[in-house]
S.K.: 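This is the structure I want to talk about, given as structure tokens.
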Amino acid sequence: MKALITGISGQDGSYLAELLLKEGYEVHGIVMRSELEDQEHSLRRLSGILDKIHLHPASIEAFPSMFEIVQKVKPDECYHLAASSFVSYSFDDEFAIFNSNVTGTHYVLSILKQTAPECKFYFAASSELFGRADSYPQNENTPFHPRSAYGITKATGFYLTCNYRDNYGLFACNGILYNHESVRRGYEFVTKKIIRGAVQVKKGELQELLLGNLDAQRDWGYAPDYVRAMWLMLQQDKPDDYVVATGKLHSVRELCDIAFSSMGLNYLDYVKVDPKFFRPAETVPLVGDSSKAQNALKWRIEKTFQEMIEEMVEFELANYETKI
Ligand code: GDP
């Protein structure tokens, strides 16, 4: 079996590649040309498997190069994870996000339809689809109400995926994944920011960690658990859409507490609130009901929030010098 992963160098792409290798797949990935020139940093998450995977340089916004790669690889499964993934509320970023997330997704789907119609397709949708939700927990039937350019692009990708499934018979699935973290998370996300900050405090290199709303809550899962759900979706008899979430809410404050106290520190002595990091608040929390995935895919969560944060702290302490 051959799998093609767009966004293979990211957190999810790298864990998924490892899982697929274990399952005996030939794994191909699409990376940006600039990433190949700066492997040590850009491909650091793939360092353990670089000699086992096939990387192809291309931009998902460039139709001809994407077409050529899909035609050459002829994948059995395609996991489309590449996207501008950080939720920005900045107007300046909107056009770039639309280009990569909407046009890129449309290109991949149309290329599969033309060159590999039997290929199963996974789209990385997101809890940001629900945005300003009216009710919680959200499930596959909850109306979408995205409130950022990122959320809108993910909603569009979701509908594109449904359309290629319904109109062209592609085996195409949407995974509506809630936040999922790991040692490979980028520093712009609050989990990694807090853990890095706590470790810097511990090392005596930081006196104050500036954060936004400490009472903001998220449904935070563990990335390796979530990539297993992606793979399971494509192993079913029929394509479908699934919410993947823990169903549990934790606050930024709790996250600080676990991270600092695991190193014998009190977060209240170091964490300060800076309105610069505030986001538009949710009136209804984003928390997912993954009953469908649990029943149909037999998907289970293997690591708790606390275990995940402690693992991230341990990793950060061990790799502090080499900013991972
Ligand atoms: P998101 O769900 O994609 O926005 O993931 P993030 O990890 O960026 O943010 C998770 C939550 O943490 C959001 O509700 C933010 O409002 C909250 N938060 C509080 N302080 C900060 C901060 O300093 N940086 C970030 N990124 N988020 C923060």
Side-chain angles (χ1 to χ4, degrees), residues 7 10-12 81-90 93-94 97 100-101 124-133 136-138 142 144-155 157-158 175-201 206-223 226 243-260 267-268 270-288 305 308-309 311-313 316 324:
Q11 167 186 264
D12 293 2
L81 314 182
S84 302
S85 69
F86 187 57
V87 181
S88 163
Y89 295 91
S90 151
D93 295 334
E94 288 186 4
I97 292 175
S100 57
N101 293 11
S126 153
S127 54
E128 287 293 315
L129 296 177
F130 299 122
R132 212 174 270 114
Y136 72 96
Q138 298 85 31
T142 305
F144 296 161
H145 195 156
R147 54 168 195 157
S148 63
Y150 173 79
I152 296 167
T153 63
K154 287 291 176 178
F158 177 96
I176 307 175
L177 271 53
Y178 282 63
N179 295 47
H180 43 288
E181 318 293 311
S182 74
V183 300
R184 298 184 190 169
R185 194 57 148 151
Y187 285 96
E188 65 275 34
F189 293 91
V190 79
T191 47
K192 194 77 171 176
K193 177 177 171 181
I194 291 170
I195 286 156
R196 173 95 183 158
V199 168
Q200 281 176 308
V201 166
L206 186 76
Q207 279 72 49
E208 232 178 41
L209 175 61
L210 300 178
L211 294 171
N213 183 5
L214 300 185
D215 297 314
Q217 292 180 305
R218 282 284 185 270
D219 178 335
W220 274 297
Y222 184 54
Y226 283 37
V243 162
V244 179
T246 70
K248 294 196 177 79
L249 279 172
H250 296 277
S251 66
V252 171
R253 189 181 295 284
E254 256 181 282
L255 212 169
C256 291
D257 192 19
I258 297 174
F260 279 82
Y267 79 94
L268 292 169
Y270 307 99
V271 170
K272 301 280 173 300
V273 171
D274 183 340
K276 184 170 84 189
F277 296 111
F278 266 74
R279 304 265 191 84
E282 278 101 27
T283 39
V284 171
L286 285 179
V287 54
F305 179 69
M308 175 179 78
I309 300 301
E311 179 182 292
M312 289 175 73
V313 171
E316 198 65 36
I324 291 288

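Counting starts at 1 for both ligands and their atoms, following the listed order.
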S.K.: Pick whichever of E181, R253, R185, R279 has a heavy atom sitting closest to atom 15 (C) of ligand 1.
M.R.: R279
S.K.: Could you tell me whether some N/O pair between K193 and ligand 1 is separated by less than 3.5 angstrom?
M.R.: yes
S.K.: V190 versus ligand 1: do any nitrogen or oxygen atoms come within less than 3.5 Å of each other?
M.R.: yes
S.K.: Going by an N to O cut-off under 4.0 Å, is there a salt bridge joining E316 and R196?
M.R.: yes
S.K.: Would you call V201 and Y267 a side-chain contact if the rule is heavy atoms closer than 4.5 Å?
M.R.: no
S.K.: Does an N or O anywhere in V252 fall below 3.5 Å from an N or O of ligand 1?
M.R.: no
S.K.: Flag the pair N101 / S84 as yes when at least one side-chain heavy-atom distance between them is below 4.5 Å, and no otherwise.
M.R.: yes
S.K.: Do you know which two heavy atoms are closest between K193 and L210, and how far apart they sit?
M.R.: NZ-O, 3.0 Å
S.K.: With a 4.5 Å heavy-atom cut-off, do F130 and I176 have their side chains touching?
M.R.: yes
S.K.: Taking distance alone, with N or O pairs closer than 3.5 Å, would you say T191 contacts ligand 1?
M.R.: no
S.K.: Under 4.0 Å from a heavy atom of N179: give me the atoms of ligand 1 that qualify, with their elements.
M.R.: 1 (P), 2 (O), 5 (O)
S.K.: Apply side-chain contact (heavy atoms from CB on, under 4.5 Å) to V273 and F278, showing your working.
M.R.: CA-CA 9 Å; V273 171; F278 266 74; 3.4 Å; yes
S.K.: As an exercise, identify every atom of ligand 1 less than 4.0 angstrom from a heavy atom of N213.
M.R.: 19 (C), 20 (N)
S.K.: Do the side chains of D219 and L286 get nearer than 4.5 Å, heavy atoms only?
M.R.: no
S.K.: Any atom of ligand 1 sitting under 4.0 Å from a heavy atom of E188?
M.R.: yes
S.K.: Going by the atom numbers of ligand 1, which of them fall below 4.0 Å from some non-hydrogen atom of A216?
M.R.: 14 (O), 17 (C)
